[in-house]
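Contents: one structure, followed by commentary.
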Amino acid sequence: MNIIMLGAPGSGKGTMAKLIANDFEIPHISTGDIFRENIKNQTEIGKQAKELIDKGELVSDEITIKIVENRLKEDDCKNGFILDGFPRNLVQAKALENFAKIDRVILLEVPDEEIERRIVGRRACKNCGEIYNIDTYNKKACEKCGGELYQRDDDKLETVRHRLQVYKKQTAPLIEYYRDNIFRVEGKETAQETYEPVKIELSLVN
Ligand code: ADP
Ligand code: ZN
């Protein structure tokens, strides 16, 4: 089962994608995570991506598409995958059609005010990437691996506002593009609650 996770920055795409990946035993492919990994390892891609990411802009389509195309060729994607953060505009969506067939697109809907609040309180584990919010978990170490929690450079309020604008302009048109294939879900209080209808829906796809 090949799935795309669509939604604004901070809507909870990553958390939901992890739940799906776990239940349906498919890899979770997050382009944001791939870029952050490259930045950490100071690769050529990382150097190019960092400046753009910190400004809340998108990384170039050319680089991003190549990364995803190569990743989907790996063995673990044979039985499916969940894409989180890709495609992010129409150029990427059209390119994706050349190397993958998508079964379902999950759209996570969360109001803007809620998004700002969530992102600014978001913390991630430096070691395993687990995501927390200071509202529900206000500690310095990761519950899972003990790694240090940090705030992403692009999670500062000004950058968040810009990322939301980029989302509306470039990514939101994908909702129309995938209209025949989309499953809409409203972000609820907890990740588990939000995930419930998605799990049922995806169980019906196969
Ligand atoms: P969020 O969904 O919270 O914005 P991500 O981790 O998905 O966070 O992305 C972080 C940043 O990485 C984006 O703001 C963008 O700069 C870059 N990025 C991620 N995916 C893509 C993509 N498909 N195309 C271009 N840039 C991307
Ligand atoms: Zn951790």
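We number each residue from 1, following the sequence as shown. Whatever order the structure lists ligands and atoms in, that order sets their numbers, starting from 1.
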| remark: atom 26 (N) of ligand 1: closest protein heavy atom, distance to 0.1 Å, is V59 N, 3.0 Å

| With a 4.0 Å cut-off on heavy atoms, does G56 reach ligand 1? | no

| query | Can you tell me if N22 uses its side chain to pair, donor with acceptor, with the backbone of K18 under 3.5 Å? | reply | no

| Which one holds for E57 and ligand 1: side chain close, backbone close, both close, or neither close, with close meaning a heavy atom under 4.0 Å? | backbone

| message | Check for me, please, whether L107 and L96 land in the same ILVMFWY cluster - side-chain distances under 4.5 Å, paths through other members count. | response | yes

| Backbone N/O of S60 and side chain of T64: donor-acceptor pair under 3.5 Å | yes

| note | Under 4.0 Å from one or more heavy atoms of G10, ligand 1 contributes atoms 3 (O)

| task | Please check if the side chain of N133 supplies one atom and the backbone of R118 the other of a donor-acceptor pair under 3.5 Å. | result | yes

| query | Looking at K13, which atoms of ligand 1 are within less than 4.0 Å of one of its heavy atoms? | reply | 2 (O)

| 4.0 Å heavy-atom contact, L52 with ligand 1 | no

| Atoms in ligand 1 flagged as close to T31, the criterion being non-hydrogen separation under 4.0 Å | 19 (C), 20 (N), 21 (C), 23 (N)

| said: Using a 3.5 Å distance criterion without hydrogens, assess whether the side chain of E148 forms a donor-acceptor pair with backbone atoms of A141. | reply: no

| V110 reachable from L19 in the ILVMFWY side-chain graph, under 4.5 Å edges | no

| field | Hphob cluster co-occupancy, L90 + Y167, side-chain heavy atoms under 4.5 angstrom | value | yes

| said: As an exercise, state the distance from CD1 of I119 to CZ of R163, rounded to the nearest 0.5 Å. | reply: 4.5 Å

| request: Could you grab the angle centred on the Zn ion (ligand 2), going from SG in C142 to SG in C128, to 10°? | output: 110°

| Contacting atoms of ligand 1, where contact means under 4.0 angstrom from a heavy atom of G85 | 20 (N), 21 (C), 22 (C), 23 (N)

| query | Which bit of T64 is near ligand 1, meaning a heavy atom under 4.0 Å away: side chain, backbone, both or neither? | reply | side chain

| field | Residue, atom name and distance, where the atom is the protein heavy atom closest to atom 27 (C) of ligand 1 | value | F35 CE1, 3.7 Å

| query | Where the closest heavy atom to atom 19 (C) of ligand 1 is concerned, which of R88, R152, Q170, K50 has it? | reply | R88

| Electrostatic pair K94:D61 at N-O distance under 4.0 angstrom | no

| N/O donor-acceptor pair under 3.5 Å between R71 side chain and V68 backbone | no

| said: If I take the Zn ion (ligand 2) as the centre, what angle separates the SG atom of C145 from the SG atom of C125? Nearest 10 degrees is fine. | reply: 100°

| query | Can you tell me if Y132 uses its side chain to pair, donor with acceptor, with the backbone of E143 under 3.5 Å? | reply | yes

| Side chain of N89, backbone of V91: donor and acceptor closer than 3.5 Å? | yes

| request: State the atoms of ligand 1, each with its element, that fall below the 4.0 Å cut-off from a heavy-atom position in P9. | output: 1 (P), 2 (O), 3 (O), 4 (O)

| For ligand 1, which atoms, with element, lie under 4.0 Å from some heavy atom of Q92? | 22 (C), 23 (N), 24 (N), 25 (C)

| note | The answer for which part of M5 has a heavy atom under 4.0 Å from ligand 1 is neither

| message | List ligand 1 atoms under 4.0 Å from R36, heavy atoms only on the residue side. | response | 6 (O), 10 (C)

| query | Which one of E51, R118, R163 has a non-hydrogen atom at the shortest distance from atom 1 (P) of ligand 1? | reply | R163

| query | What part of R122, side chain from CB on, backbone N/CA/C/O, both or neither, has a heavy atom under 4.0 Å from ligand 1? | reply | side chain

